Number of protein chains: 2
Amino acid sequence: MPNPLVRKLENFIRLTSEEKQALEKIAQPTRRLGPREDVVRDGDRPRHVNVVLEGWACRYKQLEDGRRQVISIFLPGDLCDPHVFVLRKMDHSLGTLTSVVLAEIPETAIREITQQYPRVAEALWWEMLVTAAIQREWTVSLGQRLATERLGHLFCELFLRLRAVGMTNDTSCEFPITQADLGDAMGLSTVHINRTLKELRAAGLIRLRGRQLTIPDFSALQAASLFDPSYLHYERDPLNTAED
Amino acid sequence: MPNPLVRKLENFIRLTSEEKQALEKIAQPTRRLGPREDVVRDGDRPRHVNVVLEGWACRYKQLEDGRRQVISIFLPGDLCDPHVFVLRKMDHSLGTLTSVVLAEIPETAIREITQQYPRVAEALWWEMLVTAAIQREWTVSLGQRLATERLGHLFCELFLRLRAVGMTNDTSCEFPITQADLGDAMGLSTVHINRTLKELRAAGLIRLRGRQLTIPDFSALQAASLFDPSYLHYERDPLNTAED
DNA sequence: GCCCAAAATTAACCTGCGTTAGTTCCGCTC
DNA sequence: GAGCGGAACTAACGCAGGTTAATTTTGGGC
């Protein structure tokens with residue numbers, strides 16, 4: 001089971017084994033959390049860069065009156081803001097969706113590895129820019145897409161991101177998040193998430209039982225959701241790339 | 001009339017005059033556009049970092065069927081993705097909202113100035129992280145806030161961002177964008193933007209005539225919109241900072 | 001195999017916002 | 001100052017999605 005951060009970055013640049021070893025060394029498990037726990041809280045001073053090694057996590061923001069928006073979803077291999085230290089305070093929280101294993105990387109370790117290995121620095125740049133692109137695409141989804149398109153688009157995105165770290169097989173992947181959390185992420189009520197899932201299932205676009213998602217015909221879901229994967233900036237189309 | 005990029009960055013770090021001069025030198029006007037023109041188009045290879053010197057611009061994305069989402073709004077002093085070159089292709093377009101004057105900064109100039117002046121590099125880091133924070137806050141708005149809150153929140157944000165580059169006086173600022181563009185940015189129809197503005201006016205929260213916005217009682221609008229300025233990460237609260 | 005809490009599902013009703021189709025206003029040009 | 005085009009504004013109606021309040025299913029823990 002290779003390190004998911006290394007695996008993810010290799011979608012952009014193939015790294016030397018020295019570079020990979022350096023990355024693996026700083027991205028070791030240091031913290032385990034259960035589902036629905038906070039990793040860092042809004043207002044905290046950031047102390048490390050968190051990398052998800054196992055499980056799903058998220059950024060979220062809670063309004064004074066309790067409304068909650070999940071701002072982004074973190075999958076294995078994802079890392080939160082490699083340069084977050086520049087800001088004094090978190091302006092949002094990080095929380096787990098499932099049980100999670102994290103690597104907490106200190107500021108110095110990031111600085112050292114990027115100074116020593118320019119290709120790792122470039123790969124981290126790519127990671128940041130793609131994270132920003134995903135955030136923009138969520139803006140588009142929330143602003144323009146209807147509920148079916150919005151959910152379908154999310155399924156397409158998460159499937160490709162999971163495939164990029166080797167966490168899919170054929171047309172299926174784990175999908176361990178609740179409909180309530182899906183609602184908070186998509187700006188929809190739990191009830192409407194449920195209705196919309198029913199509709200996507202009825203249209204044969206997805207199967208979703210327990211914690212398993214199947215997309216029997218990716219291009220059909222893609223067309224129905226107006227999903228264009230170019231914002232993910234994978235050099236090699238992950239749908240057509242053989243596993244290592 | 002000082003360079004708005006310098007002015008903006010000084011909200012984070014006070015720069016030496018040498019650093020300021022270096023920034024001003026690379027942020028000189030090189031391109032003028034009319035309203036509603038494209039600066040860079042989706043799919044293009046990025047050639048420079050664009051800095052807005054005058055006027056308002058935006059990122060936007062157009063779906064196949066014509067729906068358009070304005071993803072972010074650029075004000076004077078804003079700069080688009082200092083490291084965009086890492087990606088081969090634009091995944092969205094940049095366009096003007098009003099007449100605009102741009103500085104087009106080549107990749108090499110960015111690299112040189114950040115290598116020579118670490119404090120400028122840190123200021124650009126701050127800029128990038130705040131831009132990301134603004135994008136996250138738009139996600140929250142689109143996902144959770146009602147139309148009145150959403151528009152009120154945008155007014156608060158833009159007012160503070162304009163104030164940070166000295167483009168407000170007392171409680172007013174220029175507000176040169178059409179209701180149609182506001183709709184594309186807020187994920188609302190033009191008709192509903194109009195209704196919502198009427199409501200905000202009736203509540204005495206804003207005045208908006210021609211291209212002039214007045215916020216007579218900022219904290220009232222702030223409260224009505226659930227606006228918390230901490231995501232803008234100004235070191236000194238721009239509402240209480242005297243003009244230089 | 002039973003218990004329990006969390007998650008999924010459904011129905012009935014309601015509302016915020018979209019759509020369509022105008023009319024009015026404003027700023028510009030000649 | 002007449003005329004024009006784009007922007008602002010309005011009204012009537014329709015629909016996507018929210019809300020409330022149940023009921024059913026699921027998956028651990030013992």
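Proteins come first, then strands; the chains are lettered A, B, ... in the order of their sequence lines, and each starts at number 1. Predicted model only: the values in this text are computed from it and were never measured.
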*Asks:* Looking at A:Arg209, does any N or O in its side chain come under 4.0 Å of the phosphate oxygens OP1/OP2 on C:dT9?
*Replies:*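 Answer no for this pair, as no side-chain N or O of A:Arg209 is under 4.0 Å from OP1 or OP2.
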
*Asks:* Would you indicate which nucleotide in D:dT20, D:dT10, D:dA12 comes nearest to any side-chain atom of A:Val191?
*Replies:*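 Of the candidates, D:dT20 comes closest.
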
*Asks:* Between A:Arg150 and D:dA16, is there a contact of a side-chain N or O with OP1 or OP2 at under 4.0 Å?
*Replies:*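 So the side chain of A:Arg150 is outside the cut-off, no N or O lying under 4.0 Å from OP1 or OP2 of D:dA16.
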
*Asks:* Tell me whether the side-chain N or O atoms of A:Arg211 pair up with the base of D:dG27 as donor and acceptor below 3.5 Å, since no angle test is needed here.
*Replies:*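 Absent.
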
*Asks:* To the closest 0.5 Å, what do you measure between OG (B:Ser141) and CG (A:Leu142)?
*Replies:*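 Reported value, rounded in 0.5 Å steps: 10.5 Å.
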
*Asks:* Specify the separation, in whole Å, of atom CD of B:Glu199 and atom P of C:dC17.
*Replies:*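 It works out to 9 Å between those atoms.
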
*Asks:* Do B:Glu127 and B:Lys8 have side chains that approach each other closer than 4.5 Å (heavy atoms only, starting at C-beta)?
*Replies:*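 SC-SC contact between B:Glu127 and B:Lys8 confirmed.
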
*Asks:* So what does B:Leu146 touch, heavy atoms closer than 4.0 Å: a base, only the sugar-phosphate, or nothing?
*Replies:*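 Counting heavy atoms under 4.0 Å across all strands, the contact made by B:Leu146 is with sugar-phosphate only.
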
*Asks:* Give, for atom CG of A:Asp44 and atom OG of A:Ser93, the distance between the pair rounded to the nearest 0.5 Å.
*Replies:*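 Rounded to the nearest 0.5 Å, the CG-OG separation comes to 7.5 Å.
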
*Asks:* Indicate, with a heavy-atom threshold strictly under 4.0 Å, whether B:Gly187 touches base, sugar-phosphate, or nothing.
*Replies:*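 Sugar-phosphate, no base atom in range.
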
*Asks:* Taking the side chain of B:Arg195 as heavy atoms from C-beta outward, which of D:dG18, C:dC17, D:dG17 is closest to it?
*Replies:*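 Nearest listed nucleotide: C:dC17.
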
*Asks:* Describe the nucleic acid contact of B:Thr178 in one word from base, sugar-phosphate, nothing, applying a heavy-atom distance below 4.0 Å.
*Replies:*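 It contacts sugar-phosphate atoms only.
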
*Asks:* Expressed in angstrom and rounded to an integer, what is the separation of B:Gln212 atom CD from C:dC26 atom C1'?
*Replies:*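 Rounded to the whole Å, the gap is 16 Å.
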
*Asks:* Could you tell me the separation between the NE2 atom of B:His192 and the P atom of D:dA8, rounded to a whole number of Å?
*Replies:*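 About 17 Å, once rounded to whole Å.
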
*Asks:* Can you tell if the side chain of A:Phe175 reaches within under 4.5 Å of the side chain of A:Leu162, non-hydrogen atoms only?
*Replies:*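 When only atoms from C-beta onward are counted, A:Leu162 and A:Phe175 do not touch, as no gap falls below 4.5 Å.
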
*Asks:* Starting at CG of B:Leu197 and ending at C1' of C:dC17, how long is that distance when rounded to a whole Å?
*Replies:*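 The answer, rounded to whole Å, is 15 Å.
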
*Asks:* Write down the distance between CG (A:Leu200) and P (C:dT9), rounded to a whole number of angstrom.
*Replies:*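 From A:Leu200 CG to C:dT9 P: 12 Å.
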
*Asks:* What is the separation between atom CG on B:Asn194 and atom P on C:dC26, rounded to the nearest whole Å?
*Replies:*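 Between P of C:dC26 and CG of B:Asn194: 13 Å.
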
*Asks:* What's the CD-P distance between A:Gln179 and D:dT26, to the nearest Å?
*Replies:*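 To the nearest whole Å, that distance equals 13 Å.
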
*Asks:* With a 4.5 Å cut-off on side-chain heavy atoms, are A:Thr178 and A:Leu97 touching?
*Replies:*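 The answer is no, as the side chains (C-beta and beyond) never meet within the 4.5 Å cut-off.
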
*Asks:* Between B:Lys198 and D:dC9, is there a contact of a side-chain N or O with OP1 or OP2 at under 4.0 Å?
*Replies:*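 Result: no.
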
*Asks:* Separation of B:Leu188 atom CG from C:dG18 atom C1', in whole Å?
*Replies:*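 That distance rounds to 10 Å.
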
*Asks:* When all nucleic acid strands are considered with a 4.0 Å heavy-atom cut-off, which category describes A:Arg201: base, sugar-phosphate, or nothing?
*Replies:*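 Sugar-phosphate only.
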
